[in-house]
2 protein chains.
Amino acid sequence: MKMSDRKKKILQIVVDEYINSAVPVSSKSIAEKHLTDVSSATVRNELASLEELGYLTQFHTSGGRVPSPQAYRFYIEELMEKGGLSERDLDYIHEAFSHKSNDVEHLIKDVAKVISDLTDYTSVAIGPRAEEEKIRNLALLACGDGRALLVIVTGERILRDSFIEIPENMTEEDLENASHVIAKLFEGKSLSEAKDVEDEVLAEFGQYRQVMREVIDALKMYTRPRDEDVVLSGAEKIFKHPEYEDIGNVKNFLSVISSKDKIAELIGDEDDEIQINVKIGSCDDADVPEDCSLVTATYSAGGKNLGTYGVIGPIRMDYTKVITVLENVGKALEGLISNKNKEKDDKDEKK
Amino acid sequence: MKMSDRKKKILQIVVDEYINSAVPVSSKSIAEKHLTDVSSATVRNELASLEELGYLTQFHTSGGRVPSPQAYRFYIEELMEKGGLSERDLDYIHEAFSHKSNDVEHLIKDVAKVISDLTDYTSVAIGPRAEEEKIRNLALLACGDGRALLVIVTGERILRDSFIEIPENMTEEDLENASHVIAKLFEGKSLSEAKDVEDEVLAEFGQYRQVMREVIDALKMYTRPRDEDVVLSGAEKIFKHPEYEDIGNVKNFLSVISSKDKIAELIGDEDDEIQINVKIGSCDDADVPEDCSLVTATYSAGGKNLGTYGVIGPIRMDYTKVITVLENVGKALEGLISNKNKEKDDKDEKK
DNA sequence: CGTTAGCACTTAAAGATTGAGAGTGCTAAC
DNA sequence: GTTAGCACTCTCAATCTTTAAGTGCTAACG
C-alpha cells in the first residue's frame with residue numbers, strides 16, 4: 001500500500017497532536033480541528049490503514065491512536081516542519097556563551113545546561129576526544145613518593161589525572177629536565193601522534209627513556225572518554241513529562257543516566273559525519289531503552305570536533321524544538337570558537 | 001510523664017519492626033512476638049501513652065503506629081543495638097580498598113560506592129577541604145594566550161588548578177623562574193597559610209609580584225568545595241525502598257541529589273569533632289528534605305581530615321546497618337592511610 | 001492500681017456494580 | 001471514495017459492600 005498525501009498529512013497531525021498533548025488522538029478531533037472537509041468516518045478509514053502499515057497503535061479499541069516508533073522516525077525524516085527559535089531563546093543561548101573562559105570542561109557543562117533549559121529535557125553531552133588536540137605544554141610535577149603528576153595543557157583543556165612512576169634515583173632536577181625535554185619534543189603534536197613516538201626516538205633519550213615510556217603509556221589513557229567528559233544536566237526535568245508519572249519509567253530512565261559509562265556508550269559511537277542523530281528505543285538502537293529517545297548532534301568548528309550533545313527523554317519528544325535548539329546551539333558554538341580563533345590569529349600576527 | 005523501661009522497650013520494638021517491614025506496627029503483633037508476658041491491651045495503653053509523648057503517630061485510627069522523627073532520634077541515641085558486620089561485608093570493604101592508587105579523587109569515589117553497595121542507600125561524599133592540605137609542588141604552565149595554568153599538588157594528591165593572567169611582557173623563562181620561586185616559598189605550607197602571605201613578603205618578589213598576586217587570588221578560590229569533590233553513588237538504589245514507589249517522594253529526592261551544590265550544602269558544614277552525624281528531615285535540619293534522613297561520618301587519619309561520607313535515604317532508614325557500615329569503612333580507611341604513611345616513613349628513613 | 005477481656009467503633013483496602021463517555025469498526029447508502 | 005448511523009468495546013469515575021485490622025474504652029479481676 002502506498003502512502004497517499006492525505007495519509008501523510010493525517011499521520012503528521014496525529015504525531016503533532018500526540019507530542020503536544022500526550023493523549024491518544026481520535027478520528028473525530030482530527031476531522032474537526034484539521035481536516036474539516038472530510039468526516040470522521042473517512043479519517044477513521046485512513047487511520048485503520050495507517051495502523052495496518054505499522055505507523056499507529058491503539059492501547060484498546062476505544063482509545064484513540066498513538067504513533068509507533070516507526071511513525072516518529074518517518075515524522076522526523078519527512079513530516080516535521082522546522083521552525084526557528086524565539087527571540088528569547090536565542091538571546092539566552094548567546095548570553096550563556098558569552099563568558100570568557102576557554103576551558104572545554106566548563107564549556108561542555110554550560111552547553112549541556114543550555115540545551116536542557118531550552119528543551120525541558122535531560123541533556124547529555126560528551127566532550128571532544130582529547131586525542132586530536134595539540135599539546136601546548138606539558139610538565140611533570142614531583143609528588144614526593146616515587147611518583148610524578150603528568151599535566152598536559154592542550155589548546156582546549158588541561159589533562160591532569162595521570163600519575164607516572166619515576167625511577168628511584170631520579171632527583172627533582174632530573175625530573176624537571178626530563179619534563180622540559182619531553183615538552184619540547186611533544187609541543188605542537190597531537191596526543192595521538194605523541195603516543196606513537198617511534199622506538200628510535202625513544203632511544204635518544206638516554207637516562208630519561210624510562211620516564212618517557214611512562215609518559216607515553218599515560219597518554220594512551222586519553223583515547224577513551226573519561227567520566228569527567230560525560231556530562232548530564234537537568235535530570236529532574238523528566239518529571240515535566242507525563243510519561244514519568246509512572247514509577248517504572250522513572251526507574252528505567254534513572255538506571256541509564258546514573259551510569260556515566262552507559263551514557264558514554266549511548267552517545268559515544270556517533271559517526272562524525274552526521275550532524276543530527278535520532279535514536280529511538282526499540283527501533284534504532286538496542287542500547288537506548290525502550291520508550292526512550294535520544295537526539296544528539298555532533299558539533300565541530302574549523303575542522304575540529306567539539307563533542308556530541310543531545311537530549312534523552314520519552315519517545316514522545318518534541319523533536320522539532322529539540323532539533324532546532326541543537327542546531328542553534330551548534331551555530332552559536334561554532335561562532336564562539338571561530339571568533340576565538342580569529343582573536344588568536346590577530347594576536348599572533350601582531351607578534 | 002517519665003519513660004518507663006517498658007515504654008522504652010516497646011518504642012524500640014516499634015522502631016525496629018517498622019524499619020524492617022515499612023508497615024505500621026500494631027499492639028497485637030508486639031504482644032505476640034516480643035512481649036509474650038502481657039496482653040495486647042496493655043501494650044495498647046503504653047502505645048497510647050507513647051503517642052501522647054510525641055514518639056508515635058498513626059495515619060488513621062485503625063492503622064497501627066509509626067515512629068515520629070523524634071522517635072528515630074531517641075532510637076539512635078539510646079535504643080539502637082549496634083552489631084558487627086558480616087564476614088562478607090568486611091571482606092568486601094577490604095577488597096575494595098586494596099587497590100594501589102592513592103589518588104584521593106578516586107578514593108572518594110570508591111568509598112562512596114562501597115557505602116552505597118553495603119547499605120543499599122544512595123551515598124554522598126565530599127572530599128577533604130583543600131585548605132588544610134600541605135602544598136607539595138606547584139607549577140605555572142604557559143598556555144600561550146596571556147594565561148598560565150596554575151597546578152598545585154598537595155600531600156594527598158589532591159590537585160587544584162586554575163588559570164591566571166600573566167603580564168604581557170613575561171617570557172616563558174620568566175614564567176618558569178617565577179614558578180620556581182613561588183613553589184619554593186609555598187612548599188610545605190597549607191593552602192590557607194599560603195593565601196595569607198604578608199604584603200612584605202610579596203614586596204620582595206620584584207618583577208614577579210604581579211604573578212604572585214594572581215596566584216594568591218587563585219588560591220582563595222579553593223576554600224569552597226568544587227563540584228568534582230562532591231560524589232554521589234547509587235542514586236538508583238532508592239527504588240529498593242518502598243517509600244519511593246511514590247512519585248512525589250522520588251521527585252523530591254531527585255531534586256536534592258541532582259544538584260551538587262545542594263549536596264555540598266547539606267553535608268559540607270559538618271563539625272569535624274563529631275564522628276557520626278544524623279540529620280532527620282523536619283526535625284534536625286531545615287535543609288534535609290522532609291521524609292529524608294542523612295547520616296554522615298567525617299573521617300580523619302593522622303590528624304588529617306579525609307572528607308565526609310554518608311548516605312541519604314528515607315527517614316525509615318536502617319540506622320544500625322548504616323552506622324555500622326560507616327564505622328567500619330572509617331576504620332578500613334584509617335588503616336589504609338596510616339599504612340601508606342608508614343610505608344612513606346620507611347622510605348624516608350632509608351634515605 | 002496495673003492488667004486484662006470484651007466489644008463497639010473507625011478506617012482502609014479490595015472487589016463488584018453501574019453509568020457515562022469516548023472511540024472505533026462495520027455496513028449500507030450516497 | 002465518502003458518509004451517516006449504529007452496535008460494540010473499553011476506560012474511567014462514582015458508589016456501595018464487604019472484609020480485616022486495629023484501636024479506645026469500660027468494666028471486671030487479682
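In what follows, every heavy atom counts, from backbone to side chain, and hydrogens, waters and symmetry copies are set aside. Lettering of chains follows the sequences in order, A, B, ..., and the numbering in each one begins at 1.
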Of the nucleotides D:dT23, D:dT2, C:dG25, which one has an atom closest to the side chain of B:S27?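 Among the listed nucleotides, the one closest to the side chain of B:S27 is D:dT23.
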
Distance alone, cut at 3.5 Å: any donor-acceptor contact between the side chains of A:E236 and B:S258? yes

Between [X] and [Y], is there a side-chain N and carboxylate O pair less than 4.0 Å apart?
X: B:K113; Y: B:D117; answer: yes
X: A:R6; Y: A:D37; answer: no
X: A:K321; Y: A:D89; answer: yes
X: B:D120; Y: B:K237; answer: no
X: B:K331; Y: B:E327; answer: no

In residues 33-44 of chain A, which residues come under 4.0 Å of DNA chain D by heavy atom? A:D37, A:V38, A:S39, A:A41, A:T42, A:R44

Pairing check on C:dC30: which nucleotide meets the Watson-Crick or G-U wobble criteria with it, both distances under 3.5 Å? D:dG1

What's the [atom1]-[atom2] distance between [X] and [N], to the nearest Å?
X: A:L50; N: C:dT24; atom1: CG; atom2: C1'; value: 15 Å
X: B:I30; N: C:dT3; atom1: CD1; atom2: C1'; value: 17 Å
X: B:N45; N: D:dG24; atom1: CG; atom2: P; value: 9 Å
X: A:L47; N: C:dT24; atom1: CG; atom2: C1'; value: 10 Å
X: B:Q58; N: D:dA21; atom1: CD; atom2: P; value: 17 Å
X: A:E46; N: C:dT24; atom1: CD; atom2: C1'; value: 15 Å
X: B:I10; N: D:dT23; atom1: CD1; atom2: C1'; value: 15 Å
X: B:R65; N: C:dT11; atom1: CZ; atom2: P; value: 14 Å

Among B:Y121, B:Y72, B:Y319, which residue meets the side chain to side chain donor-acceptor pair (under 3.5 Å) test with B:S293?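 That would be B:Y319.
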
Identify the two heavy atoms, one from B:A125 and one from B:Y309, that lie closest to each other, and give their separation to 0.1 Å. CB-CD2, 3.3 Å

Pairwise salt bridge (charged side-chain N to carboxylate O under 4.0 Å, His left out) hits with a residue in residues 27-36 of chain A, at least two apart: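 The answer is A:E17-A:K33.
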
Tabulate atom names and distances for all N/O pairs under 3.5 angstrom spanning the protein and nucleotides 8-11 of chain D.
| from | atom 1 | to | atom 2 | distance (Å) |
| --- | --- | --- | --- | --- |
| D:dT9 | O3' | A:T61 | OG1 | 3.4 |
| D:dC10 | O2 | A:S62 | OG | 3.1 |

